[in-house]
Chemist: 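Okay, here's the structure, questions in a sec.
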Amino acid sequence: MPTCQNCHFKWSWVTTFKRMFTFKAGIICPHCQHTQYVTTKARNRTSLIGMSPLFSLVPLSLFNPSISIKLTIEVLLFIIAILIVPLFYKLSNKEEPLF
Ligand SMILES: [Zn+2]
């Protein structure tokens with residue numbers, strides 16, 4: 001789980017999950033109210049995890065499942081991906097470049 005780099009408070013999964021859905025670059029630590037930024041490495045990693053259900057489309061097509069099975073598997077994989085993304089968040093006191 002992510003740890004605030006200012007006060008070293010370990011964020012809960014729920015806190016991290018809620019803070020994932022903000023369009024602001026900085027996210028406020030619930031403990032010290034200091035602005036934290038997701039590291040470039042964590043941002044890249046979480047983007048990959050978020051897109052991972054799409055990568056399963058090709059191997060899934062090999063089994064020629066019906067569209068409803070394909071959709072169900074994709075939706076389940078997407079939900080799993082969203083649920084595990086908070087585990088890969090790493091925080092920084094400074095905003096890092098995108099790449
Ligand atoms: Zn903090």
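First listed ligand is number 1; within each ligand, the first listed atom is number 1.
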Chemist: Report whether any nitrogen, oxygen or sulfur of C7 sits less than 2.8 Å from the Zn ion (ligand 1) (N, O or S, backbone or side chain).
Modeler: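 Looking at C7, which is the residue asked about, there is an N, O or S atom under 2.8 Å from the Zn ion (ligand 1).
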Chemist: So, taking the atom named CD1 in I73 and the one named CG in L57, what distance separates them when rounded to the nearest 0.5 Å?
Modeler: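 The CG atom of L57 is 10.0 Å from CD1 of I73, to the nearest 0.5 Å.
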Chemist: Going only through I, L, V, M, F, W and Y residues with side-chain contacts under 4.5 Å, is there a path from W13 to I84?
Modeler: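 As far as the 4.5 Å side-chain criterion goes, I84 and W13 are connected within one cluster.
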Chemist: I'd like to know: is the Zn ion (ligand 1) within the 2.8 Å range of an N/O/S atom from H8, strictly under that distance?
Modeler: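 No N, O or S atom of H8 is closer than 2.8 Å to the Zn ion (ligand 1), so no.
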Chemist: Can you check whether K24 reaches T35 side chain to side chain, under 4.5 Å on heavy atoms?
Modeler: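 A side-chain contact is absent here, since even the closest heavy-atom pair is not under 4.5 Å.
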Chemist: Any N/O/S atom, backbone or side chain, of H31 lying under 2.8 Å from the Zn ion (ligand 1)?
Modeler: no
Chemist: Report, rounded to 10°, the angle at the Zn ion (ligand 1) between the two atoms SG (C32) and SG (C4).
Modeler: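 Vertex the Zn ion (ligand 1), arms to SG of C32 and SG of C4: 110°.
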Chemist: Within a reach of under 6.0 Å around CZ of F9, are more than 12 heavy atoms found that belong to other residues, nucleotides or ligands?
Modeler: yes
